[in-house]
Amino acid sequence: MTTPVKPTQPKTKSKQATPSQKMPKKDAMTNNQSTSKHQCEPCDAFHLVMARHVSNGLTCDERDKQDLFQALATTVKQQMLADWRQTRVDDISQGRKQVAYLSLEFLMGRSLGNALLNLDIEQTTRDALQEYAVTIEEIEQQEHDAGLGNGGLGRLAACFLDSCASMDLAVTGYGIRYEYGMFAQKLVDGFQVERPDRWLREGNPWEVRAASHNVKVPFFGRTSSYIDRDGRNNVTWTDTQDVLAVAYDMPVPGYKNGRINTLRLWKAEATDDFDLTEFNQGDYSEAVARKNMAEQITMVLYPNDASENGKELRLRQQYFLSSASLQDLLNTWVNQHGNDFSDFAKFNVMQLNDTHPAIAIPELMRLLVDEYFLEWDEAWQVVNQTMAYTNHTLLPEALERWPVRMMQQMLPRIMEIIFEINARYLEQVAHQWPGDASKLADMSIIEEGYEPHVRMAYLAIVACFSVNGVAELHTQLLTSGLFRDFYQLWPTKFNNRTNGVTPRRWLAQCNPKLSALLSKRLGNEWITDLSHLNALNAFTDDVAFIKEWAAVKQANKTELQQLISRECGVEFDAEMMFDVQVKRIHEYKRQLLNILHVIHLYQQIRLGNTDDLVPRCVLIGGKAAPGYAMAKLLIKLANNVAHMVNSDAVVSQYLRFAFLPNYNVSAMEKICPATDLSEQISTAGKEASGTGNMKFMMNGALTIGTLDGANVEMLAEVGQENFFLFGLNANEVAALRLNYQPDSFMPPLSALSEVMELLESGHFNLQEPGIFDSIIASIKSPNDPWMTAADFESYRQAQVDAANAYKDQMSWTQMSIRNTAASGRFSSDMTIAGYRDEIWRA
Ligand SMILES: *Cc1c(COP(=O)(O)O)cnc(C)c1O
């Protein structure tokens with residue numbers, strides 16, 4: 001018998017030590033509970049569940065599997081505790097610079113598979129489960145996605161956490177523990193219907209409630225000034241309604257390196273003393289209502305991707321996260337160093353994931369000036385040396401602005417501080433551009449007008465020492481457009497950090513077959529240094545290798561085919577080309593262009609023009625913001641077109657079309673390994689970077705795409721001959737905007753005019769007259785910012801090129817290999833190395 005697990009005993013951390021061989025072995029799980037009884041409660045739980053499972057005659061219903069998941073996850077977490085504690089102790093004792101990554105979103109997905117991989121206990125767990133009628137995969141399916149994000153921005157934060165831990169960096173993620181994450185998407189008659197995502201219903205086995213880190217976050221009240229004993233003029237913020245922030249920690253294991261970082265998620269609770277005050281005054285109902293108000297703050301994630309929402313509760317969330325996280329950082333500092341902040345910036349840096357947590361800027365000023373009595377200039381220096389801002393969008397509608405009135409009421413002291421920051425900063429502007437009043441108005445943090453607003457991006461640029469874009473093109477457009485004046489004032493603040501994705505989740509974990517093939521040829525180093533994939537280029541003429549590569553893709557396609565059959569009731573055929581676009585539904589991402597192309601193929605097949613056609617299965621998936629009518633209508637259009645395509649016996653020989661409901665991280669883990677052609681077709685200049693594009697490329701998909709976001713850099717890495725490029729570039733889009741005439745792109749008899757005619761005839765909405773009128777009008781409007789008509793013909797031609805290329809499977813597979821080979825630059829490890837060396841200096 002092997003040694004039972006003793007995870008509660010602290011163990012000395014060693015960089016080489018991997019926590020392998022620590023899973024409970026079969027005999028320990030079934031009948032040998034006595035040895036572990038007093039050492040590992042969760043292991044006992046695991047043993048008990050397994051024993052019951054066995055006594056049930058090995059039948060395993062969903063309930064059993066959920067129990068098994070809970071037990072296994074708890075056991076794995078337990079195994080991390082010693083290293084988790086040790087990581088924290090070492091970081092402090094070694095005096096390492098601490099990075100706080102502040103983000104309103106962490107789109108983590110599932111954690112079990114990632115933990116098994118990074119802790120190197122997958123094989124032992126698999127062995128331990130072998131004799132029971134259940135696989136790891138089945139157990140993994142039981143885990144509810146932690147969907148604490150909308151899309152790319154939140155998933156980036158999750159990839160960064162994995163890279164930071166795997167690169168042995170002392171980085172803590174700070175976020176919100178939303179009771180309800182990203183809504184679940186259902187389809188009813190082809191329409192999106194939102195269902196609440198109660199991801200915590202079964203409990204979260206990964207989290208640890210860390211009550212010792214509780215802090216209070218103030219809201220409302222008023223400010224007043226007073227002179228203290230030293231004659232200093234201070235400000236206090238009083239009569240506040242405080243909300244308790246309770247820390248829930250999630251472990252973030254590095255890849256086989258013994259480091260366990262922390263994702264600290266804050267939950268809002270009512271403070272007892274606040275409740276009591278009300279209660280003593282007899283306002284029982286008021287007190288209970290206020291308690292609910294406090295807990296509302298972390299109730300739900302706002303489901304808007306790339307658009308600001310301006311809701312008061314959202315501002316409360318932002319301040320709640322920012323204040324709680326900063327108080328936590330300052331408490332840790334003061335515990336070690338007392339009230340001397342002169343070295344604070346040497347040991348601390350904060351990365352703001354977009355402007356969502358930018359309210360942390362005045363909050364840090366408040367804490368330092370009002371609570372720790374630093375002089376303004378000293379405090380400003382701390383802010384200035386510790387805060388860095390990442391911009392994620394060029395869309396003006398996504399730039400956050402908060403009404404001054406709202407902020408004055410909810411956060412009176414914070415608003416005063418913003419005014420003071422602005423006044424001092426505008427002196428600098430006046431100095432730079434003497435006598436230029438319009439510059440002052442243009443660049444002011446306060447946007448004047450009937451209802452003055454705080455421009456959060458400007459606040460972030462003024463206060464932070466680093467402002468970065470997320471792809472080369474994006475950064476270039478920021479410095480030459482949106483933030484041009486600021487770039488003139490502070491050119492050295494601006495820098496580019498092209499996004500990336502973690503090769504652990506997005507290759508090693510999600511594509512085990514390709515992963516095994518890669519390791520067989522290249523060894524294992526690619527998992528922590530993805531530039532090793534370059535060596536694949538040596539095998540692009542190796543016929544045996546090409547065949548193995550193709551076989552892996554084929555097997556993955558068969559798996560996805562089953563998922564599509566189950567989820568959509570549409571039969572994909574793994575012999576056909578899999579053409580996929582999954583991402584949030586947004587006009588700028590142009591799912592419409594894709595749908596119009598499907599209609600075009602449908603027409604061609606109906607006309608019998610099938611000689612050159614390559615059979616293909618088109619998949620679209622993604623959620624629309626609940627208030628975004630046009631995006632929701634696009635989902636309906638996709639579903640109606642899919643219905644016509646799939647129910648036509650002739651058409652479906654050549655074309656199948658499915659809309660996958662509830663696209664999320666777990667779905668993407670099945671989708672990207674099985675994709676032949678990745679659709680990255682946004683209007684040039686609108687997609688900041690994209691990361692879905694990188695996941696597909698890593699897994700050997702070819703891209704059909706515009707010169708937008710990181711596509712530009714992907715194309716440069718892989719070469720034109722391995723990429724289906726089309727469409728206007730960003731400059732051409734901007735130029736055409738001045739005089740755009742969509743009609744000129746649909747001359748009679750053109751493919752687009754035929755498509756429009758069929759769409760306008762109501763062919764796809766016979767029972768629902770007129771429902772797609774607004775989509776039709778948008779395509780024909782000279783004000784269509786997304787210029788769908790302008791790019792259609794070029795897109796159609798690129799699709800013909802892709803189809804022709806697909807006919808030669810050997811050469812297609814070679815291109816697939818070259819795409820994976822060229823994807824090394826898009827590992828988030830590379831991105832994080834850039835943040836570490838150029839921004840954090842950690
Ligand atoms: C990667 C990912 C995204 C981002 O996709 P883009 O194509 O870059 O917009 C969004 N949602 C999920 C679930 C993802 O995994």
Side-chain angles (χ1 to χ4, degrees), residues 105-110 113-114 144-162 181-185 197 199 301 303-307 353-354 392-395 398 470-471 473-474 498-507 509-511 580-591 593-594 619-625 631 660-675 677-683 686-699 701 703-706 708-714 823 826-828 831:
E105 303 188 11
F106 286 91
L107 189 48
M108 301 298 282
R110 292 174 174 149
N114 185 246
H144 209 304
D145 270 44
L148 309 183
N150 274 283
L153 174 147
R155 184 54 232 177
L156 183 78
C159 283
F160 279 5
L161 290 185
D162 182 72
M182 189 61 208
F183 66 81
Q185 180 192 54
D197 166 50
W199 71 293
L301 167 76
N304 303 307
D305 185 67
S307 78
N353 198 19
D354 213 317
H392 282 273
T393 183
L394 291 154
L395 301 179
V470 290
L473 174 65
H474 170 59
T498 299
N499 284 167
V501 301
T502 170
R504 268 74 63 190
R505 181 176 297 262
W506 296 115
L507 191 48
Q509 211 186 310
C510 76
N511 200 341
V580 178
Q581 184 177 26
V582 287
K583 46 180 78 247
R584 286 303 290 262
I585 310 293
H586 202 295
E587 286 162 286
Y588 86 80
K589 290 174 182 279
R590 292 201 299 198
Q591 282 88 2
L593 190 55
N594 192 350
L619 181 67
I620 296 184
K623 293 172 186 176
L660 175 75
N662 205 36
Y663 172 60
N664 61 10
V665 170
S666 294
M668 186 53 158
E669 288 171 13
K670 293 286 173 217
I671 293 167
C672 65
T675 295
L677 188 63
S678 155
E679 301 269 351
Q680 306 300 335
I681 60 179
S682 52
T683 310
K686 305 298 178 192
E687 185 76 89
S689 164
T691 49
N693 48 3
M694 300 166 184
K695 299 167 200 165
F696 284 113
M697 183 191 196
M698 232 170 242
N699 285 276
T703 302
I704 182 166
T706 47
D708 202 14
N711 292 356
V712 177
E713 292 155 74
M714 287 165 46
S823 69
F826 305 104
S827 163
S828 46
T831 313

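Just so you know, ligand 1 is whichever comes first in the structure, and atom 1 is the first atom listed for that ligand. Here, residue 1 is the first one in the sequence, and each next residue gets the next number.
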**Student:** If we only count heavy atoms from C-beta on, is the Trp506 to Cys159 side-chain gap below 4.5 Å?
**Tutor:**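 The answer is yes; the side chains approach within 4.5 Å.
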**Student:** Ignoring hydrogens and geometry, is there a side-chain-to-backbone donor-acceptor pair from Arg155 to Val665 under 3.5 Å?
**Tutor:**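 Not at all, since once roles are kept as given, no pair shorter than 3.5 Å links the two residues.
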**Student:** Would you compute the distance between atom CG of Asn699 and atom CE of Met668 and round it to the nearest 0.5 angstrom?
**Tutor:** 8.0 Å
**Student:** Between Tyr663 and Lys623, which heavy-atom pair has the shortest distance, and what is it?
**Tutor:** O-CE, 3.5 Å
**Student:** When you check ligand 1 against the protein, what N or O pairs turn up below 3.5 Å? List the atom names and distances, or just say none.
**Tutor:**
residue: ligand 1; atom: 7 (O); partner: Lys583; partner atom: NZ; Å: 2.7
residue: ligand 1; atom: 8 (O); partner: Thr691; partner atom: N; Å: 2.8
residue: ligand 1; atom: 8 (O); partner: Gly692; partner atom: N; Å: 3.0
residue: ligand 1; atom: 9 (O); partner: Lys589; partner atom: NZ; Å: 2.7
residue: ligand 1; atom: 15 (O); partner: Lys695; partner atom: NZ; Å: 2.6

**Student:** Do Leu156 and His392 have side chains that get closer than 4.5 Å, going by heavy atoms?
**Tutor:** yes
**Student:** Search all heavy atoms of Lys589 against all heavy atoms of Gln581 and return the closest pair with its distance.
**Tutor:** O-NE2, 3.2 Å
